[in-house]
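Right, one structure below, let's go through it.
Throughout, residue positions are numbered sequentially from 1 according to the sequence presented.
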Amino acid sequence: QHKSRKGLDINKYGIMPSFKAKREKKPNVAFFIDTSGSITEEELIIFINMLLNSPLDKWNVSAYQFDWDVYEIPKSIIKEGKLGKTAIRHGGCTSFENVVSFVNKMDKQPDKIIIITDGLGGSISSPIGDTDLWTWIINASNYYSLQAYLDLKLTFKNVFKLDEVLKEMK
């Protein structure tokens, strides 16, 4: 008996991708690592390792370091795992305002923005947009950084303490 080709689903055999099914796209995630003068070497190593231990195979990652300004970290350094404290700038004042302004000017807006900092970066006056896109991880290790953590929680939904995030990652 002859079967009609009309009912044949060749996709169920894995031969061709389905045009009906949505392909899972990798989210575009932008990491911003605070490398200002208030960041200790220990914090810097932790911040770098958080980036390197993120699911780089499941995310399209772009990474930046920031102090008073924002500097792109080359993808080749991240992919090769060569991002160490010698590969980045370290020092200067901190400006969260400049990070938000930088994100607002990006050609392609990220699906997620992750900022790893000690929280000491001043106020933000630029438009923020969808606050759900922003995740702040703050090393709230002293009074000032704890106050910054609490202040950021007033504006952003996703604000976490570094020690809590590190516990979850273990």
Side-chain angles (χ1 to χ4, degrees), residues 24-56 58-75 77-78 83-85 87-170:
E24 225 177 279
K25 87 171 189 152
K26 290 182 177 184
N28 294 311
V29 179
F31 271 87
F32 290 85
I33 297 174
D34 186 346
T35 59
S36 66
S38 62
I39 301 298
T40 66
E41 281 198 39
E42 181 184 357
E43 285 175 313
L44 190 56
I45 291 167
I46 291 169
F47 294 178
I48 291 168
N49 283 329
M50 289 185 80
L51 167 62
L52 294 176
N53 291 320
S54 64
L56 298 173
K58 295 179 182 169
W59 296 349
N60 289 321
V61 172
S62 54
Y64 306 87
Q65 60 187 51
F66 71 96
D67 47 30
W68 186 253
D69 209 347
V70 178
Y71 313 92
E72 186 170 8
I73 300 171
K75 288 186 182 210
I77 291 175
I78 298 166
L83 181 61
K85 59 185 181 179
I88 59 175
R89 291 175 46 114
H90 187 205
C93 299
T94 315
S95 172
F96 294 153
E97 172 65 29
N98 288 342
V99 172
V100 173
S101 179
F102 181 88
V103 169
N104 288 339
K105 293 176 185 170
M106 291 175 86
D107 290 335
K108 186 173 182 181
Q109 290 295 300
D111 299 311
K112 194 68 166 168
I113 302 155
I114 300 173
I115 299 179
I116 309 170
T117 179
D118 62 0
L120 306 176
S123 62
I124 301 169
S125 60
S126 291
I128 296 164
D130 184 356
T131 59
D132 284 347
L133 299 180
W134 297 78
T135 297
W136 294 78
I137 300 172
I138 300 174
N139 188 15
S141 60
N142 62 48
Y143 170 80
Y144 298 106
S145 57
L146 181 58
Q147 186 60 49
Y149 164 79
L150 295 172
D151 289 346
L152 285 165
K153 282 190 80 67
L154 295 174
T155 304
F156 297 93
K157 180 179 172 183
N158 303 310
V159 181
F160 305 98
K161 291 181 183 174
L162 177 65
D163 59 346
E164 295 168 354
V165 173
L166 292 175
K167 281 180 195 172
E168 289 295 319
M169 290 177 74
K170 289 183 179 179

Once you round to the nearest 0.5 Å, how far does [atom1] of [X] lie from [atom2] of [Y]?
| X | Y | atom1 | atom2 | answer |
| --- | --- | --- | --- | --- |
| Phe66 | Ile73 | CZ | CD1 | 10.5 Å |
| Lys157 | Asp132 | NZ | CG | 4.5 Å |
| Glu43 | Ser145 | CD | OG | 8.0 Å |
| Leu162 | Met50 | CG | CE | 5.5 Å |
| Phe47 | Asp34 | CZ | CG | 6.0 Å |
| Leu44 | Asp118 | CG | CG | 11.0 Å |

Is there side-chain contact between [X] and [Y], with heavy atoms separated by less than 4.5 Å?
| X | Y | answer |
| --- | --- | --- |
| Trp59 | Lys26 | no |
| Gln109 | Asn28 | no |
| Trp136 | Tyr149 | no |

| message | My understanding is that only one of Thr94, Thr117, Asp67 makes a side chain to side chain donor-acceptor pair (under 3.5 Å) with Ser36; could you say which? | response | Thr94
| message | Could you tell me if Glu97 and Ser126 have a donor-acceptor pair between their side chains, going purely by distance under 3.5 Å? | response | yes
Name each donor-acceptor pair under 3.5 Å that joins a side chain in residues 99-108 to protein atoms two or more places apart or in another chain, with its distance.
| residue | atom | partner | partner atom | Å |
| --- | --- | --- | --- | --- |
| Asn104 | ND2 | Val100 | O | 3.4 |
| Asn104 | ND2 | Pro127 | O | 2.8 |

| message | Counting neighbours of CH2 on Trp68 that are heavy atoms of other residues, nucleotides or ligands and sit closer than 6.0 Å, is the number greater than 12? | response | no
| message | Test of understanding: with salt bridge (Lys or Arg N to Asp or Glu O under 4.0 Å), list the residues that count as partners of Asp111, not counting sequence neighbours. | response | Lys25
| What residues form a side-chain hydrogen bond (donor to acceptor under 3.5 Å, both in side chains) with Lys58, not counting sequence neighbours? | none
| query | Ignoring hydrogens and geometry, is there a side-chain-to-backbone donor-acceptor pair from Thr155 to Leu152 under 3.5 Å? | reply | no
| request: Please name the pair of heavy atoms, one in Tyr144 and one in Asn142, separated by the smallest distance, quoted to 0.1 Å. | output: N-OD1, 3.0 Å
| field | Smallest separation among heavy atoms of Leu51 and Leu56, with atom names | value | O-CD2, 4.0 Å
